[in-house]
Amino acid sequence: MTDLKNVGVTDVRNSGSCCSTDGSCHSGGAADSQGGAVTTVYKVSGMTCGHCEGAVSQEISALDGVTAVTADARTGEVTVASTTPLDEEAVRAAVDEAGYQLVGTA
């Protein structure tokens, strides 16, 4: 899998969904979910493709203590591995920065 910390992802914050109206995707990818002492699954609304997964994964990956992120647009779930429990408001802010909405934990 691709390490999204080292890959550029198009800024989708102000454009809503990164997908076209017909549901086609511009690019794809999500970070691996491995390692970390704490695993939390979050529900995120608005993801429709691999590019969406990558945007959310990149923002959450930037949080302190995060060791891995896997976003799944099909289920709307984002699995986050971290060294310690994450502050939900920090996760909410990261998801918002990516242009999506954190619904809560799954």
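Residues: numbered from 1 along the sequence shown.
Smallest separation of non-hydrogen atoms from Tyr100 and Ala55: CE1-CB, 4.3 Å. The shortest non-hydrogen separation linking Thr48 to Ala73 is C-CB, 3.8 Å. Pairing each heavy atom of Ala71 with each of Met47, the nearest pair is CB-SD, 4.1 Å. Of all heavy-atom pairs spanning Ser61 and Val66, the tightest one is CA-CG1, 3.9 Å. Contact detail for Glu88 and Thr105: the closest heavy-atom pair is OE1-CG2, 4.1 Å.
Side-chain N or O atoms of Lys43 include none that pairs as donor or acceptor with a backbone N or O of Val78 at under 3.5 Å.
Note that the CD atom of Glu97 and the CD atom of Gln58 stand 10.0 Å from one another [nearest 0.5 Å]. Distance check, rounded to the nearest 0.5 Å: CG of Leu102 to CD1 of Ile60 gives 7.5 Å. Between Thr79 atom OG1 and Tyr42 atom OH the span is 10.5 Å, to the nearest 0.5 Å. Taken from CG in Leu63 to OG in Ser82, the straight-line distance is 9.5 Å, to the nearest 0.5 Å.
Residues Thr67 and Thr83 have side chains in contact (heavy-atom distance under 4.5 Å, counting atoms from C-beta outward).
Val91 pairs with exactly one of Leu86, Val44, Asp96 by the side-chain contact (heavy atoms from CB on, under 4.5 Å) rule, that one being Leu86.
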